[in-house]
Amino acid sequence: MSQPTPQPGRRPSPVRPQDPHPDRQQDLRPDRPPPAPAEPVPVDPVPVERPKAGPVPSSGGASDPVPGGSVRASDAEREAVVERLRVASVEGRLTFEELTERTGSAYRAVTRGDLDHIIADLPGMGAPGAEPAPPQVQRRFTAIMGDCKERIVGRIDERLEALSVMGDVELDLRGAQVPTGEVVVSATAVMGDIKIIVPDGVSVELTGYTLMGDRRVSVREAPAGSRIPVVRVAAHAVMGDVRIVDDEHHAPLRNALSSWWEGRRDRDA
């Protein structure tokens, strides 16, 4: 590379060496102490929200523990409870009405806890001191130009007979003891009326004939396929009426007033 040719009459300027670090500022005062390092500016920490401690939600898997009372009841367990209710009726612990009501509740039970609640006040099978309820001695009820009202509370083992001739016969079976879960009644009304009162939820089977008379069943329909108590009535009406009613249809006005009063008492409490 050729050097520049100096011009005549001008003194060439000295060539300064290049700074190997041009971005660094030269210290013109070497006796000056170096500046102190800058202090860091404090920064407020950002609060971090931590999850609250609590129960871990269940994933719904099969390994989750389930309380014993919440386990679904099987048909065999329902039938076992119904059999225990029947035995309790034989021992005189349950009336026909209670037997019917609890039997229906057993068939409607969903969990084992529901079944345990139904038999919570009953002793175990074969409890000591359990004796059959006293039998129903009177089995024939007759009204001739009069009235006959009977509330049966004994044990029914045989057929009942009701005869009305220009009169009225009323049989109340709700408080009876029915160990077999079945009641058979023969009802004959000649120019008279016969009324048979059964518990709510019982099954009624009506047979017989009418001659210028009427036969009626006013009960709630029982669920099909359930082994619930049954009342079989052979009704014969000649210019008369034979009626089978449950507690709901026996005295609807009284039941409505009773339900209203109980609801009002619960609200006041």
Side-chain angles (χ1 to χ4, degrees), residues 86 89-90 92 94-101 103-104 132-222 224 226-259:
R86 188 193 66 79
S89 176
V90 173
L94 297 177
T95 64
F96 192 33
E97 183 176 18
E98 293 170 336
L99 175 63
T100 305
E101 179 182 357
T103 300
Q136 175 66 30
V137 178
Q138 184 180 1
R139 297 185 295 107
R140 297 181 180 180
F141 307 91
T142 305
I144 300 177
M145 302 183 65
D147 298 333
C148 175
K149 291 186 178 182
E150 187 72 21
R151 179 176 177 84
I152 301 176
V153 295
R155 187 180 76 246
I156 301 178
D157 294 326
E158 300 181 16
R159 175 192 297 264
L160 302 178
E161 297 181 4
L163 173 63
S164 172
V165 180
M166 301 180 65
D168 296 328
V169 175
E170 181 178 294
L171 295 181
D172 191 348
L173 304 178
R174 292 173 294 179
Q177 308 289 336
V178 186
T180 61
E182 176 181 321
V183 179
V184 180
V185 181
S186 177
T188 303
V190 181
M191 302 180 64
D193 298 328
I194 297 178
K195 178 162 62 171
I196 302 173
I197 306 173
V198 299
D200 289 336
V202 75
S203 177
V204 177
E205 297 180 4
L206 182 62
T207 60
Y209 61 86
T210 59
L211 179 61
M212 301 180 64
D214 189 18
R215 297 178 305 159
R216 285 178 293 174
V217 177
S218 300
V219 300
R220 288 185 298 179
E221 185 177 357
S226 302
R227 192 163 56 108
I228 61 177
V230 60
V231 176
R232 293 185 171 88
V233 180
H236 312 287
V238 179
M239 301 180 65
D241 297 331
V242 177
R243 293 188 302 155
I244 299 94
V245 298
D246 58 8
D247 188 53
E248 179 181 351
H249 296 84
H250 169 54
L253 180 59
R254 184 182 62 185
N255 293 334
L257 290 176
S258 178
S259 300

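- D241 contributes atom CG, which lies 5.0 Å from atom CG of D193 (distance to the nearest 0.5 angstrom).
- Contact annotation: the side chain of V231 approaches that of F96 to within less than 4.5 Å [non-hydrogen atoms, C-beta and beyond].
- With contacts defined as side-chain heavy-atom distances shorter than 4.5 Å, the pair D214/R216 qualifies.
- Between R220 and D246 the shortest side-chain heavy-atom distance falls below 4.5 Å.
- Between A143 and G146, the shortest heavy-atom contact is CB-O, 3.6 Å.
- Note that CG of D147 is 8.5 Å distant from OG of S164, once rounded to the nearest 0.5 Å.
- In this structure, CE in M166 is found 11.5 Å from CG in D168, a value given to the nearest 0.5 Å.
- With sequence neighbours excluded, the residues satisfying side chain to side chain contact (heavy atoms under 4.5 Å, CB included) with I152 are Q136, F141, E150, I156, L160, L173, A176.
- Within the 4.5 Å cutoff, no side-chain heavy atoms of T142 are placed close to those of C148.
- Between the side chain of T210 and the main chain of A237, no donor-acceptor pair closer than 3.5 Å is present.
- Listed by chain and number, the residues in a side chain to side chain contact (heavy atoms under 4.5 Å, CB included) with E158 are R139 (sequence neighbours excluded).
- Atoms OG1 and CD, on T188 and E161 in that order, are 8.0 Å from each other to the nearest 0.5 Å.
- The minimum heavy-atom distance between A187 and I194, with the atom names listed, is CB-CD1, 3.9 Å.
- Residues forming a side chain to side chain contact (heavy atoms under 4.5 Å, CB included) with R155 (at least two apart in sequence, or on another chain): P132, A133, P135, D157, Q177, P179.
- You'll find the side chain of R174 reaches within 4.5 Å of the side chain of R151, heavy atoms only.
- Under the rule for a side chain to side chain contact (heavy atoms under 4.5 Å, CB included), the partners of A235 that lie at least two apart in sequence or sit in another chain are L206, R215, V233, V242.
- In this structure R232 satisfies the side-chain hydrogen bond (donor to acceptor under 3.5 Å, both in side chains) test together with E182, E205, sequence neighbours excluded.
- Between L94 atom CG and R86 atom CZ the span is 12.0 Å, to the nearest 0.5 Å.
- Inter-residue side-chain proximity for V198 and V219 is flagged as met; some heavy-atom pair is nearer than 4.5 Å.
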Candidate pair D200 and T100, rule side chain to side chain contact (heavy atoms under 4.5 Å, CB included), full reasoning: CA-CA 7 Å; D200 289 336; T100 305; over 6 Å; no
Starting from the C-alpha separation in whole Å, work towards a yes-or-no answer on side chain to side chain contact (heavy atoms under 4.5 Å, CB included) for V245 and K195. CA-CA 7 Å; V245 298; K195 178 162 62 171; 4.0 Å; yes
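- Although no hydrogens or angles enter the test, the distance criterion places no donor-acceptor pair under 3.5 Å between the side chain of E101 and the main chain of E98.
- Evaluation of the salt bridge (Lys or Arg N to Asp or Glu O under 4.0 Å) rule for R243 yields no partner, not counting sequence neighbours.
- The side-chain heavy atoms of L163 and V169, taken from C-beta on, include no pair separated by under 4.5 Å.
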